[in-house]
Novice: 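Please see the structure below; I have some questions.
Heavy atoms only: backbone and side chains are in, while hydrogens, waters and symmetry mates are out. Treat the numbers as computed from the prediction; the structure is a model and nothing was measured.
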Amino acid sequence: MKKTIALLLFSASLITSASAQQDPKAGKILDQMSAKYQALNAFKATFTQTLENDAAKVKDNMTGDITVSGQKFHLKMNGQEVINNGKTVWTYMKAENEVNISDYDPEEQEISPSQIYTLYKKGYKYTYVQETKEAGEPCDIIELSPEDRTNQIYKVRMTVSKADKSVKSWKMFKKNGNRYTVAIKKFQPNPPVDANTFAFDKTKYKGVKVIDLR
């Protein structure tokens, strides 16, 4: 489970205290982008994720969707579901028809779906790279580099729409040669959500095996 989910989302353990001088142009764009998403009650996104490694001659594509509301999220990808209601995390694996239940601890949580919108605020240097076009839409490219040199992630490139400051895509570069690209295909602001959106209802999964790790 962690292998596929980690390709999309960043580790909270990467965060350290920020002290470096930052690029003000990049900072302004990132602040506008972050404010846009944090002003939403919730959002839903459909995405395509690509893993590439030239040396290993690997190129894999996956699709999925995620609904986020604050610290709560419901992610579906590659035959798996991860649901977090802010207190409990359910990880369902379709092939095994099994769900693991664990407590949510933001200090230990390796997955933070909303972190892409606040990642730059602690532990990262950021610089403006260039203007570009994505699907014909004018965008800005911002590069983030972790201050912690021991990080396996050494660079993140984020593409932000000039028009509405939405994130169009991001690419994560790792020291082992892996590159992970996430492209947002469809974005829905403020979709209808309720408590059931962020809870696992085992009655909908006939014969599911429940493993409670709490």
Novice: Surrounding NZ of Lys202 (heavy atoms of other residues, nucleotides or ligands, distance under 6.0 Å), is the total greater than 12?
Specialist: no
Novice: Using a 3.5 Å distance criterion without hydrogens, assess whether the side chain of Asn97 forms a donor-acceptor pair with backbone atoms of Gly207.
Specialist: yes
Novice: Among side-chain atoms of Thr181 and Gln49, is any donor-acceptor pair under 3.5 angstrom?
Specialist: no
Novice: Applying the 4.5 Å side-chain criterion to the ILVMFWY set and letting contacts propagate, would Val160 and Tyr128 be lumped into a single cluster?
Specialist: yes
Novice: Roughly how far, to the nearest 0.5 Å, is OH of Tyr124 from CG of Leu144?
Specialist: 7.5 Å
Novice: Roughly how far apart are Asp164 CG and Met33 CE, rounded to 0.5 Å?
Specialist: 12.0 Å
Novice: Does His74 reach the main-chain N or O of Thr197 with its side chain, forming a donor-acceptor pair under 3.5 Å?
Specialist: yes
Novice: May I ask you to test the Thr67-Lys76 pair for a side-chain heavy-atom distance under 4.5 Å?
Specialist: no
Novice: Side chains of Leu30 and Tyr126: closer than 4.5 Å at any heavy-atom pair?
Specialist: yes
Novice: If two hydrophobic side chains count as joined below 4.5 Å and joins carry through other members, does Trp90 share a cluster with Tyr104?
Specialist: no
Novice: According to a 4.5 Å side-chain heavy-atom criterion applied to Ile, Leu, Val, Met, Phe, Trp and Tyr, with indirect links allowed, do Ile66 and Val193 form part of one hydrophobic cluster?
Specialist: no
Novice: Quick check against the 3.5 Å criterion: does Asn151 have a side-chain atom that pairs as donor or acceptor with the backbone of Tyr154?
Specialist: no
Novice: State, with a plain yes or no, whether a side-chain heavy atom of Ile211 is found less than 4.5 Å away from one of Leu213.
Specialist: yes
Novice: Does any non-hydrogen side-chain atom of Lys125 lie less than 4.5 Å from one of Glu147?
Specialist: yes
Novice: Does Lys25 form a salt bridge (Lys or Arg N to Asp or Glu O under 4.0 Å) with Asp23? I'd like the steps, not just the answer.
Specialist: CA-CA 6 Å; Lys25 182 175 182 178; Asp23 181 340; over 6 Å; no
Novice: Look at the side-chain heavy atoms of Ile, Leu, Val, Met, Phe, Trp and Tyr, link any pair under 4.5 Å apart, and say whether Phe73 and Ile101 land in one connected group.
Specialist: no
Novice: Quick one: pull up CG in Asn85 and CD in Gln71 and give me the separation to the nearest 0.5 Å.
Specialist: 11.5 Å
Novice: Are any of the side-chain heavy atoms of Asp201 and Asn196 separated by less than 4.5 Å?
Specialist: no
Novice: Check the pair Lys168, Glu134 against salt bridge (Lys or Arg N to Asp or Glu O under 4.0 Å), reporting the backbone distance first and the verdict last.
Specialist: CA-CA 8 Å; Lys168 307 303 292 183; Glu134 191 156 306; over 6 Å; no
Novice: Are Asp103 and Lys87 ion-paired here, with the side-chain N under 4.0 Å from a carboxylate O?
Specialist: no
Novice: Are Thr132 and Thr159 packed together at the side-chain level, in the sense that at least one heavy-atom pair is separated by less than 4.5 angstrom?
Specialist: yes
Novice: Determine the minimum heavy-atom distance between Gln188 and Pro192, stating which atoms define it.
Specialist: NE2-CD, 4.2 Å
Novice: How are the rings of Tyr92 and Phe200 set relative to one another: parallel (under 30°), tilted (30 to 60°) or perpendicular (over 60°)?
Specialist: tilted
Novice: If hydrophobic clusters are built from ILVMFWY residues whose side chains come within less than 4.5 Å, do Val156 and Val167 share one?
Specialist: yes
Novice: Test Val58 against Leu51 for side chain to side chain contact (heavy atoms under 4.5 Å, CB included), laying out the working first.
Specialist: CA-CA 7 Å; Val58 171; Leu51 162 62; 4.3 Å; yes
Novice: OH of Tyr180 to CG of Asn53: how many Å apart, nearest 0.5 Å?
Specialist: 8.5 Å
Novice: Using a strict cut-off of less than 4.0 Å between a Lys/Arg side-chain nitrogen and an Asp/Glu carboxylate oxygen, indicate whether Glu137 and Lys162 qualify as a salt bridge.
Specialist: no
Novice: When rounded to the nearest 0.5 angstrom, what is the spacing between CZ in Phe198 and OG1 in Thr88?
Specialist: 14.0 Å
Novice: Does some side-chain heavy atom of Glu81 sit less than 4.5 Å from a side-chain heavy atom of Ile83?
Specialist: yes
Novice: Is there a donor-acceptor pair closer than 3.5 Å between any side-chain N or O of Ser69 and the backbone N or O of Asn41?
Specialist: yes
Novice: Run the numbers on Lys121 and Ser34 for side chain to side chain contact (heavy atoms under 4.5 Å, CB included), then give the verdict.
Specialist: CA-CA 10 Å; Lys121 292 186 176 183; Ser34 184; 3.7 Å; yes
Novice: Step by step, would you call Asn84 with Lys72 a side chain to side chain contact (heavy atoms under 4.5 Å, CB included)?
Specialist: CA-CA 5 Å; Asn84 181 348; Lys72 301 175 183 180; 5.7 Å; no
Novice: Begin with the C-alpha distance, continue with both residues' side-chain angles, and end with the deciding distance and a verdict on side chain to side chain contact (heavy atoms under 4.5 Å, CB included) for Glu143 and Ile141.
Specialist: CA-CA 7 Å; Glu143 186 170 291; Ile141 296 180; 5.8 Å; no
Novice: Could you check whether Thr46 and Asp65, counting side-chain N and O atoms only, form a donor-acceptor pair closer than 3.5 Å?
Specialist: no
Novice: Distance from Ile29 atom CD1 to Cys139 atom SG, nearest 0.5 Å?
Specialist: 10.5 Å
Novice: Is a donor on one side and an acceptor on the other found under 3.5 Å between the side chain of Asp212 and the backbone of Arg214?
Specialist: yes
Novice: Students often mix this up, so state it plainly: with edges at 30° and 60°, are the rings of Phe43 and Tyr37 parallel, tilted or perpendicular?
Specialist: perpendicular
Novice: State whether Phe173 and Lys155 meet the cation-pi test: NZ (Lys) or CZ (Arg) under 6.0 Å from the six-membered ring centroid, and within 45° of the perpendicular axis.
Specialist: yes
Novice: Can you tell me if Thr50 uses its side chain to pair, donor with acceptor, with the backbone of Asn61 under 3.5 Å?
Specialist: no
Novice: Is Lys94 atom NZ crowded by more than 12 heavy atoms from other residues, nucleotides or ligands, each under 6.0 Å away?
Specialist: no
Novice: Mark yes or no for whether Lys44, through its side chain, and Lys186, through its backbone, hold a donor-acceptor pair below 3.5 Å.
Specialist: no
